[in-house]
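What follows is a set of notes on a single structure, which appears directly below.
All chains are named by letter (A, B, ...) in the order of the sequence lines, taking the proteins before the strands, and each is independently numbered beginning at 1.
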Amino acid sequence: MAVTKLFGASIKRREDPRLITGMATYTDDLTLPGMAYAQIVRSPHAHARIVRIDAAAARRHPGVVAVFTGRDLAGALKPIPTAWLIPNADLKTPPHPPLAVDTVRYAGDGVAVVVATDRYAARDAAQLVEVTYEPLPAVVDQITAAGPGAPQIHAEAPGNLAFRWAVQGGDAGAAFAEAQRDGVVVSQRFVNQRLIPNAIETRSVLARYNSGSGELTVWYTTQNPHIARFLMSVVTGIPEQKIRIIAPEVGGGFGSKIPFYPDEAVVAFCARAIGRPVKWTEDRRENYLATIHGRDHITDLELAARTDGTVTGIRGKTWANLGAYLSTAAPGIPTILHGLMLPGCYAIPNLSYEVQGVFTNTAPVDAYRGAGRPEATYLIERMMDLLAARLGMDPAEVRRKNFIPPDRFPYTTAAGLQYDSGNYTPALERALEAAEYRRLRSVQQQGPKDNRYLGIGLSTYVEICGLGPSAVAGAVGFQGGLWESATVRLHPTGKATVFTGTSPHGQGEETTFAQIVAEELGLPIDDIEVVHGDTGSISMGWGTYGSRTTVVGGAAIALAARRVRDKATKIAAHLLEAAESDLVFDRGRFYVRGSPDRAKSIQDVTLQAYLAWNLPAGVEPSLEASAYYDPSNFTFPFGAHVAVVKVDAETGEVELRRYVAVDDCGRVINPMIVDGQVHGGLVQGIAQALWEGAAYSAEGQLLTGSMADYAVPRAHMFPRFVTGRTETPSPHNPLGVKGVGETGTIASTPAIVNAVVDALRPFGITHLDMPLTPERVWTAIRTHARR
Amino acid sequence: MKHKISLTVNGTTYTHEVEPRLLLVHYIRDVLGLTGTHIGCDTTSCGACTIHMNGKAVKSCTVLAVQADGAQLLTVEGLARDGQLHPIQEGFWEEHGLQCGFCTPGMMLAALELLQRIPDPTEEQIRAGIEGNLCRCTGYQHIVNAIQYAARKMRGEEPRKAAV
């Protein structure tokens with residue numbers, strides 16, 4: 001049986017046939033006998049005291065089974081916990097009740113739940129729940145909230161301060177003193193606006209409680225079923241072994257399906273209380289109100305440099321808007337995943353950075369694709385361009401000058417991270433070449449045509465991926481490990497089932513992981529099934545986020561497969577009456593070196609392992625192995641992106657003409673899937689730069705409350721992307737892979753903003769905050785022209 | 001007060017009594033159990049619920065079931081025939097035109113109607129033609145490739161893959 005080279009090949013995805021025929025099962029597709037539907041009643045106020053809830057009319061409505069309020073749940077469910085308790089930051093963790101009891105703290109905060117026999121009845125009855133509110137003053141922006149006289153959101157968090165975190169390295173004070181004397185200091189305030197993740201599938205939960213066995217089964221839209229089981233147990237008090245969490249097909253997450261939300265606990269409570277399965281599915285408006293948002297930073301930043309462009313220091317402060325409650329990973333996002341990445345891919349010896357996490361009367365903010373790293377990359381990449389402009393240098397040259405040189409890896413940054421490997425200049429050169437950088441610069445020098453201004457923007461980035469070493473996770477307060485589990489089980493017929501503790505939901509690892517196992521064991525790929533997303537059959541694992549699935553989960557699978565191979569080698573040696581050390585394993589066949597004709601296939605050996613008629617001494621029957629891989633370090637993918645725009649000075653409209661992405665994610669298992677990940681990330685990052693932004697009114701009403709109001713980008717808004725790769729394997733990862741799920745989002749936002757600001761330089765514009773809508777660009781041009 | 005409707009979905013005729021306010025997408029999903037058609041928004045923005053009604057692509061969240069009385073509907077479940085994928089499905093598979101798959105049924109049905117109107121569309125026409133459908137995963141480029149693949153195949157040409 002011929003086995004072609006699978007690792008590195010663009011294999012078609014094995015998950016696709018069910019998805020393209022309508023045969024895939026997402027949570028909301030499930031129906032159970034006797035199933036009822038829940039509708040959560042949400043606060044229309046951003047901040048108010050609940051005076052009274054009258055559910056009598058709702059209870060009388062035909063089809064209604066039950067109505068519960070926060071008070072009904074208070075004794076039965078514990079508060080929703082935060083799972084990232086960053087140390088040395090004076091972190092405050094005010095209680096987050098599953099349904100509000102006395103006070104609502106954002107528009108969308110749940111106050112009651114209605115359960116009825118069908119969707120429409122539940123919605124009708126939810127309208128009949130009469131809640132009397134006493135509105136309180138609200139605050140939505142983090143600087144006002146952190147300032148004097150702001151409405152106080154939690155008694156436990158004076159000044160609305162959730163935490164104050166800082167990182168120092170080198171001597172930033174000295175670097176800035178020197179730069180003020182002999183060099184340059186560039187400073188800028190940046191607003192990294194709030195985004196809405198917009199997985200096209202909204203959240204959905206179906207819970208069934210078996211009062212006979214005491215078992216709770218929950219099908220739901222999660223990126224990490226085992227973490228969900230753990231937290232479900234904490235919140236409901238149901239023992240962990242009695243809880244089974246199943247993530248069926250999940251329709252995108254982008255971080256928004258990491259958190260353990262109040263809603264899943266509420267639905268589980270309902271199922272138990274009424275003794276029938278209960279399903280709840282958000283509508284999009286509810287998703288915008290009550291599913292986490294991302295980003296939302298305001299930053300004051302300074303960069304110190306010598307006049308030759310050498311950066312000597314960076315310092316500043318960020319106010320991170322966390323919303324009304326601390327979501328599951330919220331404290332770690334603007335600190336560990338953001339602050340530590342501030343120096344980017346540059347050898348900046350001195351750093352001083354503070355982040356204040358602030359409560360506001362808005363939806364909770366947590367991980368959205370990139371999670372902290374896009375914000376960091378945006379800051380440093382904008383600063384590099386501001387420095388280049390100040391010194392009259394080419395932005396590419398400033399970057400080249402400050403890159404960490406390839407011979408200094410592994411490199412420990414001023415923030416204390418150790419970058420595993422990197423070679424930044426070749427990626428930049430390749431991106432510049434693909435974009436025809438030199439030619440474009442000379443075209444640009446000829447001036448605008450038809451009042452359309454050419455702009456070229458660069459972004460060279462490094463990101464922290466493959467989360468991560470568990471000891472580090474513990475040291476930074478993450479209340480979990482970040483290793484990953486895998487089991488590779490061969491069946492008597494020689495087929496294989498692979499179990500992974502990660503929970504892919506569109507990233508294609510059913511294919512990628514099968515490629516890894518096929519490569520390691522020489523099995524035909526169609527003989528391998530990858531199982532994920534079910535705590536009932538899979539060992540503890542930590543899920544899919546932080547570009548960790550292939551890096552950590554894939555490594556665990558490779559290690560498990562190698563253990564299987566080791567055991568199979570023992571059995572094969574016994575069957576061939578040879579020493580193990582004389583055996584060759586080649587494309588699924590074991591044979592004595594020099595005698596390929598007399599071989600035992602992996603399938604033959606597997607059958608013998610199960611029959612166990614003739615096993616070597618000390619070898620147990622069956623053929624399967626598990627591995628628990630805890631990485632020794634993070635991985636640090638990098639790359640260079642170039643955006644080319646034309647800005648119409650008459651209308652302020654930005655046209656993205658060309659986009660080049662050269663990424664280095666280490667070894668590539670499936671180039672087609674890697675390209676898909678890059679493209680998807682690019683679109684989200686570009687959209688932040690140009691169109692997207694969640695807006696609240698001063699009173700805390702979400703103004704961008706629907707897809708008709710929030711600019712999720714569409715196909716016609718993009719050119720065809722040019723992608724390229726360099727390959728610098730991770731030295732510590734068993735597969736040499738680095739992760740690629742977030743690179744596009746991390747790199748593209750500053751590339752676009754740099755391009756637009758580059759185009760606007762003739763007007764004296766040095767910075768504009770995102771999104772760079774026609775109105776914002778037009779207004780800036782008019783304002784500067786008047787000066 | 002319920003209304004009796006009778007309609008044909010993927011070649012099978014159904015008759016049901018429905019509430020006048022029942023959305024067609026809920027009828028398809030909850031009454032007929034054809035869950036391949038998805039719901040992604042409440043504002044006719046995302047296109048996840050796109051089906052064909054009498055040969056035209058419609059967003060079934062914005063049609064009442066009673067308005068489909070007497071209509072011929074095609075949903076994702078009706079695309080493949082006799083175990084053979086439709087060229088549009090084949091294109092999405094070959095060209096990695098999907099990731100999480102949630103927008104995919106609606107996207108394919110919107111694309112199919114586009115190809116029925118314009119058998120040899122330019123890339124610009126494809127991008128404009130699917131602007132009523134949101135995808136948050138793919139960045140659209142592989143979707144464009146998938147539709148180009150299907151267009152070639154439906155025209156009887158060799159459906160060569162885009163270079164990866």
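Within 6.0 Å of the CD atom in B/Q67, the count of heavy atoms belonging to other residues, nucleotides or ligands exceeds 12. Residue-environment remark: CD (B/Q84) stays at or below the threshold of 12 foreign heavy atoms within 6.0 Å. Counting non-hydrogen atoms of other residues, nucleotides and ligands closer than 6.0 Å to CZ of A/R285 gives a total of 12 or fewer. Within 6.0 Å of the CZ atom in B/R81, the count of heavy atoms belonging to other residues, nucleotides or ligands does not exceed 12.
In this structure, the portions of B/L23 lying under 4.5 Å from any heavy atom of chain A include both its backbone and its side chain. The contact between B/T43 and chain A is made entirely by side chain atoms (from C-beta outward), counting heavy-atom distances below 4.5 Å. Both the backbone and the side chain of A/T21 come within contact range of chain B, each with at least one heavy atom under 4.5 Å from a heavy atom of that chain. Residue B/N133 touches chain A through its backbone alone, counting heavy-atom pairs closer than 4.5 Å. Contact of A/Y26 with chain B is made through the side chain alone, with heavy-atom distances under 4.5 Å. Contact annotation for B/H26: only side-chain heavy atoms (C-beta onward) come within less than 4.5 Å of a heavy atom of chain A. Looking at A/M717, there are no atoms closer than 4.5 Å to chain B (heavy atoms on both sides), in backbone or side chain. Residue A/V678: no heavy atom, backbone or side chain, is found under 4.5 Å from chain B. Looking at A/P719, the atoms closer than 4.5 Å to chain B (heavy atoms on both sides) all sit in the backbone: N, CA, C or O. In this structure, chain B has no heavy atom under 4.5 Å from any part of A/L682. Of the two parts of A/D28, the backbone and the side chain both hold a non-hydrogen atom closer than 4.5 Å to a non-hydrogen atom of chain B. Contacts of A/R119 with chain B are made by side-chain atoms alone, with heavy-atom separations under 4.5 Å and no backbone atom involved. Only the side chain of A/F254 comes within less than 4.5 Å of a heavy atom in chain B; its backbone stays farther off. For chain A, no part of B/E124 is nearby; none of its heavy atoms comes within less than 4.5 Å.
Counting heavy-atom pairs under 4.5 Å between each of B/H86, B/E77, B/E131 and chain A puts B/E131 at the top. Of the residues considered (B/I130, B/L98, B/L79, B/L85), B/L98 shows the highest number of contacts with chain A, using heavy-atom pairs under 4.5 Å. Across B/G33, B/C41, B/G36, the residue that shares the most heavy-atom pairs under 4.5 angstrom with chain A is B/C41. When each of B/T138, B/I143, B/T104 is scored by its heavy-atom pairs under 4.5 Å with chain A, the top score falls to B/T138. When the candidates A/V683, A/D16, A/I686 are compared by the number of heavy-atom contacts under 4.5 Å with chain B, A/D16 comes out ahead. For chain B, the option among A/I20, A/L19, A/T31 with the highest count of heavy-atom pairs below 4.5 Å is A/I20. Ranked by non-hydrogen atom pairs under 4.5 Å with chain B, the options A/M707, A/M23, A/H716, A/K12 are led by A/K12.
Rounding to the nearest 0.5 Å places CG of A/N198 at 8.0 Å from CG of B/L134. The distance from the CG atom of A/L30 to the OG1 atom of B/T35 is 8.5 Å, given to the nearest 0.5 Å. Going from atom CZ of A/R284 over to atom CG of B/D42 covers 8.0 Å, rounded to the nearest 0.5 Å. A distance of 8.0 Å separates NE2 of A/H679 from CG of B/N145, quoted to the nearest 0.5 Å. Atom-to-atom distance recorded for A/I200:CD1 and B/I39:CD1 is 13.5 Å, nearest 0.5 angstrom.
Across all non-hydrogen atoms, the minimal contact from B/V76 to A/G22 is CG1-CA, 3.7 Å.
Judged purely by atom type and a 3.5 angstrom limit, B/R136 has no side-chain atom pairing as donor or acceptor with the backbone of A/G253.
The side-chain heavy atoms of A/I673 and B/H96, taken from C-beta on, include a pair separated by under 4.5 Å. The side-chain heavy atoms of B/Q141 and A/D675, taken from C-beta on, include no pair separated by under 4.5 Å. Within the 4.5 Å cutoff, the side chain of B/S45 has heavy atoms near those of the A/R714 side chain. With contacts defined as side-chain heavy-atom distances shorter than 4.5 Å, the pair A/H505/B/C100 does not qualify. Side-chain contact check for B/L22 versus A/Y120: some heavy-atom pair is nearer than 4.5 Å. A 4.5 Å side-chain heavy-atom check between A/R720 and B/V144 finds at least one atom pair inside the cut-off.
A salt bridge is absent between B/E95 and A/R13; no separation between the charged side-chain nitrogens and carboxylate oxygens falls under 4.0 Å.
For the side-chain hydrogen bond (donor to acceptor under 3.5 Å, both in side chains) criterion with B/Q99, the lone passing option out of A/Q677, A/Q507, A/E15 is A/Q677.
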